[in-house]
Amino acid sequence: MVTERDALTRADLLRRGFALEYATLAWNVLGIVILAVAAISARSVALAGFGLDSLIEIGASTVVIWELSGTGETRQRLALRLIGAGFAALAVYLLTQSTVVLATAFHPAHSPLGIGWTAVTAAVMFALSVGKARTGAALDNPVLTTEGRVTLIDGLLAAAVLIGLLLNSLLGWWWADPVAGYVLVFYALREVKEIFSGDH
């Protein structure tokens, strides 16, 4: 039997889950604009890919907000598959783009804006992922918990892109940019596998 206290606690947790998702949504909407400017200026495949990852994160947050607004295992399964499909699309784009850049030996320009944004984004995403993991576990909600992992990956990807940008800027290692793109492919495919295999 659910007590009044349990109901209040669940309501508080749901409010926290919504707040975390809306914060992620707002950050990534801003990020798409900043990353588009930085990617075009530097002609960076890693920044373009990370911008697409922000778009995937927006989709994932929207799915979680939709799922938290309702109940049912069918809705949860559909929400998880939508998140997985987004990551699969990201992996295909990045694999193609990074391969083309390496094959043509295209040299991206330096990007102080990209460096600054990815550094701050990594810290913000790590903080948000911890909040989602705890809230999702407390609610026993696999969708919020999975999306917390998506946010953690977003932070890891920001760090990977940051390293690639720094290596290109400081040491002239132009190939570090598409290699960072391949790192994003690896993490995206791993998340797709986990989502569709049902290992949650």
Side-chain angles (χ1 to χ4, degrees), residues 24 27-63 80-126 129 146-199:
T24 305
W27 185 270
N28 282 290
V29 167
L30 177 62
I32 283 180
V33 176
I34 293 173
L35 288 165
V37 172
I40 291 170
S41 298
R43 296 183 177 180
S44 166
V45 64
L47 283 172
F50 192 54
L52 284 176
D53 177 68
S54 294
L55 187 60
I56 300 300
E57 182 73 29
I58 288 171
S61 292
T62 303
V63 166
L80 289 171
R81 290 184 182 199
L82 288 171
I83 293 170
F87 268 102
L90 174 65
V92 170
Y93 168 80
L94 285 173
L95 185 61
T96 303
Q97 199 64 4
S98 293
T99 301
V100 168
V101 170
L102 279 176
T104 59
F106 178 80
H107 290 51
H110 305 314
S111 179
L113 176 60
I115 290 171
W117 180 255
T118 52
V120 175
T121 296
V124 170
M125 291 300 115
F126 289 145
S129 70
T146 297
E147 211 279 316
R149 290 205 306 273
V150 172
T151 305
L152 174 61
I153 288 171
D154 203 24
L156 292 171
L157 297 184
V161 172
L162 175 62
I163 291 169
L165 293 173
L166 286 172
L167 289 174
N168 179 50
S169 182
L170 299 175
L171 302 176
W173 292 0
W174 63 269
W175 48 263
D177 185 85
V179 167
Y182 282 125
V183 172
L184 273 69
V185 171
F186 170 77
Y187 280 108
L189 289 177
R190 190 179 72 171
E191 192 61 26
V192 169
K193 180 181 177 182
E194 289 184 6
I195 288 172
F196 286 101
S197 66
D199 294 335

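Count residues from 1 along the sequence. Atom set for the values below is all heavy atoms of this structure, side chains included, hydrogens, waters and symmetry mates excluded. Since the structure is predicted, the reported quantities are computational estimates derived from the model, not experimental observations.
No side-chain heavy atom of Arg149 sits under 4.5 Å from any side-chain heavy atom of Ser129. Counting only heavy atoms from C-beta outward, the side chains of Val161 and Phe50 approach each other to under 4.5 Å. The closest side-chain heavy-atom distance from Val185 to Leu189 is below 4.5 Å. Between Tyr182 and Leu102 the shortest side-chain heavy-atom distance falls below 4.5 Å. Residues Asn168 and Trp175 have side chains not in contact (no heavy-atom distance under 4.5 Å, counting atoms from C-beta outward).
Interatomic distance, CG of Leu55 versus CG of Asn28, reported as 9.0 Å (0.5 Å rounding). Atoms CG and CZ, from Asp154 and Phe126 in turn, are 9.5 Å apart once rounded to the nearest 0.5 Å. Remark: Phe186 CZ to Leu156 CG distance equals 10.5 Å, nearest 0.5 Å. Rounding to the nearest 0.5 angstrom, the gap separating the OG1 atom in Thr62 from the CD1 atom in Ile58 is 7.0 Å. For the atom pair Trp27 CH2 and Glu57 CD, the distance stands at 12.5 Å (nearest 0.5 Å). Atom CG in Leu162 sits 9.5 Å away from atom CG in Leu167 (nearest 0.5 Å).
Of the possible polar contacts, none joining the Ser169 side chain to the Leu165 backbone as a donor-acceptor pair under 3.5 Å is found. A donor-acceptor distance shorter than 3.5 angstrom exists from the side chain of Ser197 to the backbone of Glu194, with no hydrogens or angles considered. Using modelled atom types, one side-chain atom of Thr118 and one backbone atom of Ile115 make a donor-acceptor pair closer than 3.5 Å.
Gly155 and Ala122 make their closest contact through O-CB, 3.8 Å (heavy atoms, listed as atom of the first residue, atom of the second, distance).
The side-chain contact (heavy atoms from CB on, under 4.5 Å) test with Leu35 singles out one residue from Ser111, Ser44, Ser54, and that residue is Ser54.
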